[in-house]
Student: 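Structure below; questions to follow.
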Amino acid sequence: MELDFKTKRDLGLVIVKGKIDANTALDLESRLNSIISDKKFKLIIDMKDVDFISSAGLRVLLAGLKETKKNDGELVLVGLQPQVKEVFDITGFTSLFKCCSNVKDAEKMLK
Amino acid sequence: MEDQKLHLEVASKLENLPEVRDFIADAMKSLGFGSEKEIFEVQVAVDEACTNIMKHAYPGTAGPIIIDCSGSGNEFKIIIRDKGKSFDPKSVPEPDTKAPLEKRKIGGLGIFLMKAYIDKLDYTFDADAGNELTMIKYIGK
């Protein structure tokens with residue numbers, strides 16, 4: 001899994017590529033924690049190049065969503081691939097997260 | 001005849017999860033089983049089962065996980081064995097997947113995904129043989 005992070009004004013953009021399993025989710029978790037502790041509460045996670053996610057990844061995303069919401073922020077997911085989307089659908093995560101197909105739309109949602 | 005690798009033994013370390021997922025994909029393909037979607041679903045289920053073993057079965061050590069695959073008709077069977085602590089995934093209560101965010105608990109989703117993507121799940125524990133989890137996926141249903 002690869003991780004990249006960019007900021008744009010008060011927005012944080014996390015770009016994730018590859019597979020989020022119980023091992024790589026630890027890296028994503030520590031990155032999200034450090035971004036949130038820097039008081040960035042409006043986050044976009046670009047997942048268009050994520051082709052695998054297990055429950056460990058879901059847990060990290062859910063914890064991130066709860067933390068941003070607690071601080072009047074939001075966490076928007078971008079570009080879920082069909083099989084990843086299916087994992088979100090069957091676990092009920094689709095109704096918890098705001099999702100869109102590209103980063104521009106996500107930025108609009110967070111304005 | 002295509003070279004079939006249907007047996008894998010790995011140490012129970014989280015960094016071995018990619019090897020487990022690749023093994024599942026290769027085994028299904030060599031048996032002529034499964035669309036990309038079905039392969040993904042079995043990979044998720046086996047990844048979750050092995051993650052549980054890696055996290056809970058061998059505290060403080062990395063014992064072996066042994067995986068055997070076989071195919072018959074439209075049935076793809078995976079048997080996962082370990083000699084760690086006993087753990088029946090069927091005993092874990094289901095998460096409430098309809099709960100709103102504030103009531104949504106973090107956890108319990110691994111077993112839920114395993115059950116969602118696998119058609120038959122069977123677990124046995126024997127003091128000598130250890131844990132044995134059998135998963136069956138009906139292909140092309």
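Keep in mind the model is a prediction, meaning the values are calculated, not measured. Side chains are part of it too, since the values below use all heavy atoms of this structure and drop only hydrogens, waters and symmetry mates. Each chain gets a letter, A, B and so on, in the order the sequences are listed, and its residues count up from 1.
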Student: Side chain from CB out, backbone as N, CA, C, O: work out which of these in A:Val87 comes under 4.5 Å of a heavy atom of chain B, or both, or neither.
Tutor: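 Contact with chain B is through both the backbone and side chain of A:Val87.
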Student: Pull out the residues in residues 8-30 of chain A that come under 4.5 Å of chain B, heavy atom to heavy atom, sorted by number.
Tutor: A:Lys19, A:Asp21, A:Ala22, A:Asn23
Student: Honestly curious: do B:Met114 and B:Ile66 fall in one hydrophobic cluster under the side-chain, below-4.5 Å linking rule?
Tutor: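 No, it is not one cluster - the side chains of B:Met114 and B:Ile66 are not joined through contacts under 4.5 Å.
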Student: Please state whether the side chain, the backbone, both or neither of B:Glu102 comes within less than 4.5 Å of a heavy atom of chain A.
Tutor: backbone
Student: Given the rule in the side-chain contact (heavy atoms from CB on, under 4.5 Å) test, do A:Thr68 and A:Lys42 qualify, once you have shown the distances and angles that lead to the verdict?
Tutor: CA-CA 7 Å; A:Thr68 51; A:Lys42 289 183 177 180; over 6 Å; no
Student: Name the region of B:Arg21, side chain, backbone, both or neither, that has any atom closer than 4.5 Å to a heavy atom of chain A.
Tutor: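 Contact with chain A: side chain only.
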Student: Heavy-atom distance under 4.5 Å to chain A: side chain of B:Lys98, backbone, both or neither?
Tutor: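 Interface part for B:Lys98: neither.
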Student: Mark yes or no for whether B:Tyr138, through its side chain, and B:Asp119, through its backbone, hold a donor-acceptor pair below 3.5 Å.
Tutor: no
Student: Can you tell which part of A:Phe97 gets under 4.5 Å to a heavy atom of chain B, answering side chain, backbone, both or neither?
Tutor: neither
Student: For B:Lys55, is it the side chain, the backbone, both, or neither that has a heavy atom closer than 4.5 Å to a heavy atom of chain A?
Tutor: side chain
Student: Does the distance from a Lys or Arg side-chain N to an Asp or Glu carboxylate O, for B:Lys120 and B:Glu75, drop under 4.0 Å?
Tutor: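 Salt bridge: no.
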Student: With only heavy atoms counted, which part of B:Glu48 is less than 4.5 Å from chain A, the side chain, the backbone, both or neither?
Tutor: side chain
Student: Counting distance only, does the side-chain N/O of A:Asp46 pair as donor-acceptor with the main-chain N or O of A:Lys48 below 3.5 Å?
Tutor: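 The answer is yes, because a donor-acceptor pair under 3.5 Å joins these two groups.
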Student: Please step through side-chain contact (heavy atoms from CB on, under 4.5 Å) for the pair A:Ser55 and B:Val44, ending with a clear verdict.
Tutor: CA-CA 9 Å; A:Ser55 63; B:Val44 168; over 6 Å; no
Student: What part of A:Lys69 gets closer than 4.5 Å to chain B, counting heavy atoms only: side chain, backbone, both or neither?
Tutor: side chain
Student: Heavy-atom cut-off 4.5 Å, strictly under: side chain, backbone, both or neither for B:Leu113 against chain A?
Tutor: side chain
Student: Checking A:Ser54 against chain B: side chain, backbone, both or neither under 4.5 Å from a heavy atom?
Tutor: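 Both parts, backbone and side chain.
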Student: Below 4.5 Å from any heavy atom of chain B, which atoms of A:Leu96 appear? Answer side chain, backbone, both or neither.
Tutor: side chain
Student: Check whether B:Pro95 gets within reach of chain A through its side chain, its backbone, both or neither, counting any heavy atom under 4.5 Å.
Tutor: neither
Student: Under 3.5 Å, side chain of A:Glu67 to main-chain N/O of A:Gly64, donor-acceptor pair present?
Tutor: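 Not confirmed, A:Glu67 side chain does not pair with A:Gly64 backbone.
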